[in-house]
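In this chain, numbering begins with 1 at the start of the sequence shown. In each ligand, atom 1 is the first atom listed, and ligand 1 is the first ligand listed.
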Amino acid sequence: MGKEPFIELIEVTKTYRLDANAVVALDHVNLSIARNEFLAITGKSGCGKSTLINMIGGLDSPDQGKVIIDGEDLSAMDDRSLTLFRRNRIGIIFQFFNLLPILTLEENIALPHLLKEGANSLNEKIDRLLVEMDLTQRRHHKPHELSGGEMQRVAICRALINDPDLILADEPTGNLDSVSGRQVLEILRRLKEEQGKTIILVTHSPEGAAMTDRILRMKDGRIIVDQP
Ligand code: ADP
Ligand code: MG
């Protein structure tokens, strides 16, 4: 019996309509991703990378086709189940960090956890993440007091606070200098190696793609190269 893929996209299609114009952002995409795989998605701006990530993250839904994660069809879930699934199983990291400016670093990290019922052992978890991400000195700072690299490491802590098995990173190094960018890539690699996470990384950086297990290239809403 073959092993079930962790993530499976079947004929996923998404069209955006702006007035009379239709943009096919995803065009019958089929894709299987194994548990603990580190996958890179590359391709020119506008080719559908973020749309693909958003489908897998349950942030957007396909017009046609299915997204199945760990045997669960996202389109068959009601809003509440999908929200819980996202919160507990998926961590998302964005290019522009998406930190809340009025909250301190530790409050930003705690946020997804506070949304959960029965939250406990939060401080311990935050302490551990701050040490892992080399941010212990910054705990009570606000985002504007941090460097880009530090802000992205805070966003990684926030993505990890509920211990998801899947990490989605949409151009996480796109706004960082090369040293901070490399640090973020090394952290992602470590999350795969040491914690068994499954990671999907959208990147323009050949260095970033080279650190993954498989590189997928997209063009006009389709996957054109899928090389191991
Ligand atoms: P990428 O992340 O590869 O740059 P996107 O997935 O963001 O590409 O976008 C794919 C295509 O879909 C682009 O042509 C983009 O303009 C279009 N698109 C994405 N989101 C929307 C939206 N909310 N409304 C209209 N068009 C969109
Ligand atoms: Mg994008």
Side-chain angles (χ1 to χ4, degrees), residues 7-33 37-69 74-75 77 79 82-83 86 90-99 148-149 151-156 158-159 164 166-178 180-182 184-185 187-188 191 197-227:
I7 299 169
E8 198 170 13
L9 277 71
I10 303 166
E11 298 288 318
V12 170
T13 297
K14 181 74 183 183
T15 305
Y16 290 109
R17 273 170 232 289
L18 294 170
D19 304 320
N21 300 316
V23 176
V24 182
L26 293 178
D27 189 2
H28 298 90
V29 170
N30 291 296
L31 174 63
S32 291
I33 302 170
E37 188 167 4
F38 188 3
L39 177 72
I41 300 176
T42 64
K44 285 190 188 143
S45 180
C47 69
K49 304 181 298 296
S50 293
T51 306
L52 184 68
I53 285 272
N54 291 344
M55 295 292 158
I56 296 171
L59 300 172
D60 202 346
S61 53
D63 305 325
Q64 292 171 48
K66 279 184 188 178
V67 179
I68 298 166
I69 303 183
L74 299 193
S75 62
M77 290 187 194
D79 278 355
L82 185 60
T83 300
R86 270 208 314 263
I90 304 174
I92 308 187
I93 304 159
F94 302 94
Q95 180 175 3
F96 295 105
F97 324 126
N98 293 18
L99 301 176
M151 282 196 269
Q152 195 59 294
R153 300 207 303 279
V154 174
I156 294 173
R158 180 186 54 191
L166 173 61
I167 306 284
L168 306 175
D170 192 351
E171 302 196 41
T173 64
N175 206 36
L176 302 182
D177 63 83
S178 61
S180 308
R182 189 168 321 119
V184 164
L185 295 169
I187 289 166
L188 293 177
L191 291 172
K197 308 286 186 201
T198 305
I199 301 174
I200 307 177
L201 167 70
V202 170
T203 185
H204 286 293
S205 136
E207 189 194 4
M211 286 174 77
T212 67
D213 304 325
R214 177 159 64 121
I215 303 169
L216 199 139
R217 184 173 300 283
M218 292 184 68
K219 191 182 179 198
D220 302 331
R222 293 164 182 250
I223 294 167
I224 52 167
V225 183
D226 188 352
Q227 64 190 41

Please list the nearest protein heavy atom to atom 1 (P) of ligand 1 with its residue and the distance rounded to 0.1 Å.
G46 N, 3.4 Å
I need the atoms of ligand 1 closer than 4.0 Å to a non-hydrogen atom of S50, numbered in the order shown.
1 (P), 2 (O), 6 (O), 7 (O)
Nearest-contact summary for atom 18 (N) of ligand 1 - protein heavy atom, Å:
Y16 CD1, 3.4 Å
Within S50, is some N, O or S atom less than 2.8 Å away from the Mg ion (ligand 2)?
yes
Y16-D60 side chain donor-acceptor pair, cut-off 3.5 Å:
yes
Is there a side-chain contact between P62 and V12 (heavy atoms, below 4.5 Å)?
yes
Per-atom contact, atom 15 (C) of ligand 1, protein heavy atoms, under 4.0 angstrom:
no
Could you verify whether a donor N or O on one side chain and an acceptor N or O on the other, from T13 and D63, lie under 3.5 Å apart?
no
Going by distance alone, is a donor N or O of one side chain under 3.5 Å from an acceptor N or O of the other, for N54 and T51?
no
List ligand 1 atoms under 4.0 Å from S45, heavy atoms only on the residue side.
4 (O)
Output yes when the distance from some N or O of ligand 1 to some N or O of L18 is under 3.5 Å, and no in every other case.
no
Which is it for T51 and ligand 1 at heavy atoms under 4.0 Å: side chain, backbone, both or neither?
both
State whether the shortest distance between N or O atoms of A25 and N or O atoms of ligand 1 falls below 3.5 angstrom.
no
Report yes or no: do N30 and E11 form a side-chain donor-acceptor pair below 3.5 Å?
yes
For ligand 1, is there an atom lying under 4.0 Å from some heavy atom of G48?
yes
Passes side-chain contact (heavy atoms from CB on, under 4.5 Å), K44 versus K219? Steps please.
CA-CA 7 Å; K44 285 190 188 143; K219 191 182 179 198; over 6 Å; no
Apply side-chain contact (heavy atoms from CB on, under 4.5 Å) to the pair L52 and L9, showing each step before the final yes or no.
CA-CA 10 Å; L52 184 68; L9 277 71; 3.3 Å; yes
